[in-house]
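Everything numeric here is computed off the predicted structure, so don't read it as measured data.
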Amino acid sequence: MDVMGDKATLFETGRFVQPSGRDEAGEVIEGVAEDAAEEARRRIAAEAGDVEAMSVLGAMLLRRGDLDGAEPHLRAATAAGDRAAANNLGVLLHQRGYADDAAGWWRIAAVAGSAAAAHALGRHHRERGDEPAAEYWLRQSAEQGHALGAYALADLLEHRGDARAELWMRSAAERGHREAAYRLARALDRKAVGEGDAGADDGVSGSTGVSGVSGGSGSSAAEEVEQWYRQAAARGHRRAALHLGAILEKRGELKEAGRWYLTSAKDGEARAACALGFLLRDAGDTESAAVWWLRAAQDGDGNAANALGALHAERGEPQTAERWYRAAMDAGDDNGAYNLALLCAEQGRTAQAEQWYRRAAYAGHREAANALAILLLQGGDARGAEPWFSKAAEAGSVDAAFNLGILFAGRGEDAVALRWYERAAGAGHTEAALQAGIARLRDGDEREAERYLRCAAGGGSAEAAYRLATVLDARRPPVPSHELGETVHEKSECEEWYERAASLGHRRAQVRVGMLAAARGDVVEAARWYREAAEAGSRNGAFNLGLLLAREGSEPEAAVWWARAADAGHGRAALRLALVYARRGELAEGQRWADRAVALGPEEVAERAARLRDALRQELSA
């Protein structure tokens, strides 16, 4: 008969009643001193006919593995009506391979009120497929407060899908049964996040479940889950220690989380060793992290093998990295194939990258499917890329949904593209929100456009902030102009968005912020933004900075910026330079810039520049 619960020895199953003294019912309980003097004293009393001594001496010998020595004492005590001896005699016979004889003695002890014997008898019947008898005897044991009986009954009921299983699992856990505490925590954990998987232990991948609980009752549920994990972990349950560590890590209590991961890892839990490695890496100790990842990877943890692969890739050791990525694949981790594909792609091994992307993608790795589609698209196979983008997007890849939008937009299928952009935007993709906003603006739906542009701008998109500002700018009433130097501090919302875009390096926004500052009379602020835009390559920024400097009497410096703007194709800047050189009397240089202004335009600038050029030409030929 298999050992019940999470203990590894017969003594700890509860079938072997732990000797010490006697409880109220006369059953042997734990705590007997097993030194030679105690055994000698019990032996003398047993030989004198003391039934209690016979029972305890038999239990002591049985615990030591001396079945031949224990049997006569247990039989004698059993014959005298000692129920603990009857239970232990059943254990002894079971150890000898006489399961049916053992069950007979367990029945006698159970009928006499032995909870341990009822538990053992229930287990005996369950192993033979007689679940009704098993439930009867396990319930007898559980109702007497026997922790192992309650656990075994819960296990039986859970196997049937009986909701009463939780009640008995809780009863066993409350009596200190560590596996019951762990399984109760897992059940409550799954219930909290609605997993509904009644039996699988999914480790700590994704969530321990507690993080999904919120609010008043949810908070108490989370506390209860943690309480049971903590109880089981404190009693040496390595998986409970793993889950407890994950809960604490999510809560930011990294020091205590590390202690529980360490406890679990030392007990052989590979996932805990892997998690400890990540905790150490995040703390900056990559050397120690590598030690724990190595330990976990050698025990078959694919996640740890992937982490080792990434570590060696960062160190410029691609061959070692590849070896660990392959080890991750061998451990059943699809990320190994994906990471190996990334490694091959970085090395320019496109064919091998495609092979590994395909392997991971066929296994359901959504980012691999997206990467494969990008690779195919780059190779000109748009038709082959589309189904992989679709597969990745349907599996929840936000990037793939955005890429589908780009793909359909490139084909001119704007309505389909917009649907994918909006899907990706709804999942928080900033660039997709920008594209959705642009598309809505193009369709004339300014309200929806504004909503998407606000999302993208809030996500850090400079272009979205600029476009949102232009939408808001077009709505606001005309603002009265101010003289330069007359500062007005009030700013509109659109100006705030222009400034947000400008601070993110958007050149047109920088020019616009400069113009608004100039309109407010803030010369210093205007010059600062014009200069920043000009130095980033904005020809409008350079032109406006030149205007500002010229108004302030710094025409030579203004000419420098106009020259930069004109060289970048700004016709008005070329015309300004032509006028500057004409006033200085440098007619040939003025004519050259006038020619340039004619070529650059726009039309009204070209007309003025042509008249100036002709006048300068006549002056030169006079």
Side-chain angles (χ1 to χ4, degrees), residues 1-18 29-30 114-127 131 134-192 195-204 208-210 220-247 260 263-264 267 269:
M1 189 157 56
D2 294 335
V3 174
M4 183 58 208
D6 59 0
K7 300 291 185 179
T9 67
L10 176 64
F11 178 73
E12 292 167 318
T13 65
R15 296 178 191 162
F16 183 103
V17 182
Q18 302 179 32
I29 58 175
E30 62 181 272
S114 170
H119 162 249
L121 187 58
R123 288 285 295 160
H124 171 82
H125 285 297
R126 186 177 182 187
E127 287 164 6
E131 291 196 0
E135 181 180 351
Y136 174 82
W137 289 110
L138 291 175
R139 191 176 298 279
Q140 294 298 312
S141 176
E143 288 175 350
Q144 292 180 65
H146 195 274
L148 287 167
Y151 174 75
L153 178 59
D155 185 66
L156 176 63
L157 294 174
E158 186 176 87
H159 173 70
R160 294 179 184 169
D162 193 318
R164 293 171 297 173
E166 184 180 320
L167 171 69
W168 290 109
M169 197 69 78
R170 186 180 297 276
S171 175
E174 288 171 348
R175 286 171 170 77
H177 194 291
R178 70 176 187 180
E179 184 69 21
Y182 171 72
R183 287 180 62 175
L184 177 61
R186 294 294 298 138
L188 295 172
D189 210 346
R190 285 189 291 266
K191 186 184 295 184
E195 290 179 6
D197 182 357
D201 176 22
D202 61 357
V204 290
T208 62
V210 176
S220 62
E223 290 171 2
E224 185 180 14
V225 168
E226 181 179 343
Q227 167 202 332
W228 291 117
Y229 278 138
R230 191 175 290 277
Q231 178 174 309
R235 292 178 175 270
H237 197 292
R238 69 186 192 187
R239 283 173 294 163
L242 168 68
H243 284 279
L244 179 58
I247 290 171
W260 285 112
T263 297
S264 180
D267 285 340
E269 181 59 55

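Each of Asp155, Leu153, Leu121, Leu148 was scored for a side chain to side chain contact (heavy atoms under 4.5 Å, CB included) with Leu138, with one residue passing: Leu153.
Remark: Arg164 engages Asp162 in a salt bridge, criterion side-chain N to carboxylate O under 4.0 Å. Under a 4.0 Å N-O distance rule, the pair Arg126/Glu135 does not qualify as a salt bridge. Taking a cutoff of 4.0 Å between a charged side-chain nitrogen and a carboxylate oxygen, Glu174 and Arg170 do not qualify as a salt bridge. Comment: Glu179 does not engage Arg183 in a salt bridge, judged by the lack of any side-chain N to carboxylate O separation of less than 4.0 angstrom.
Pairing each heavy atom of Ala172 with each of Ala147, the nearest pair is CB-O, 3.5 Å. For Ala180 against Ala173, the heavy-atom pair with the smallest separation is CB-N, 3.7 Å. Closest heavy-atom contact between Leu244 and Ala233: CD2-CB, 4.2 Å. Summarising the geometry of Ala142 relative to Trp168, their closest heavy-atom pair is CB-CZ3, 3.5 Å, with the distance given to 0.1 Å. Smallest separation of non-hydrogen atoms from Ala150 and Ser171: CB-OG, 4.1 Å. Across every non-hydrogen atom of Ala240 and Tyr229, the tightest pair is CB-O, 3.6 Å.
Annotation: salt bridge (Lys or Arg N to Asp or Glu O under 4.0 Å) contacts of Arg175 (sequence neighbours excluded): none.
The structure places CG of Leu157 at 9.0 Å from CE of Met169, a figure rounded to the nearest 0.5 Å. The CD atom of Gln231 sits 13.0 Å away from atom CD of Glu226, with the distance rounded to the nearest 0.5 Å. Annotation: the span from Gln140 atom CD to His146 atom NE2 amounts to 13.5 Å, rounded to 0.5 Å. The distance from atom CG of Leu188 to atom CD of Glu223, rounded to the nearest 0.5 Å, is 13.0 Å. Put simply, NE2 on His119 and CH2 on Trp137 are 14.0 Å apart, with the number rounded to the nearest 0.5 Å. Note that CG of Leu242 and NE2 of His237 are 10.5 Å apart. Values are rounded to the nearest 0.5 Å.
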Apply side chain to side chain contact (heavy atoms under 4.5 Å, CB included) to the pair His159 and Glu131, showing each step before the final yes or no. CA-CA 11 Å; His159 173 70; Glu131 291 196 0; 3.8 Å; yes
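Note: His177 and Tyr151 have parallel aromatic rings, judged against thresholds of 30 and 60 degrees for the angle between ring planes. Note on ring orientation: taking the six-membered ring where Trp is involved, the planes of His243 and Tyr182 are tilted (angle from 30° to 60°).
Side-chain atoms of Arg235 come within 3.5 Å of backbone N or O of Gly176 as a donor-acceptor pair.
Put simply, the side chain of Trp228 does not reach to within 4.5 Å of the side chain of Arg186, judged on heavy atoms.
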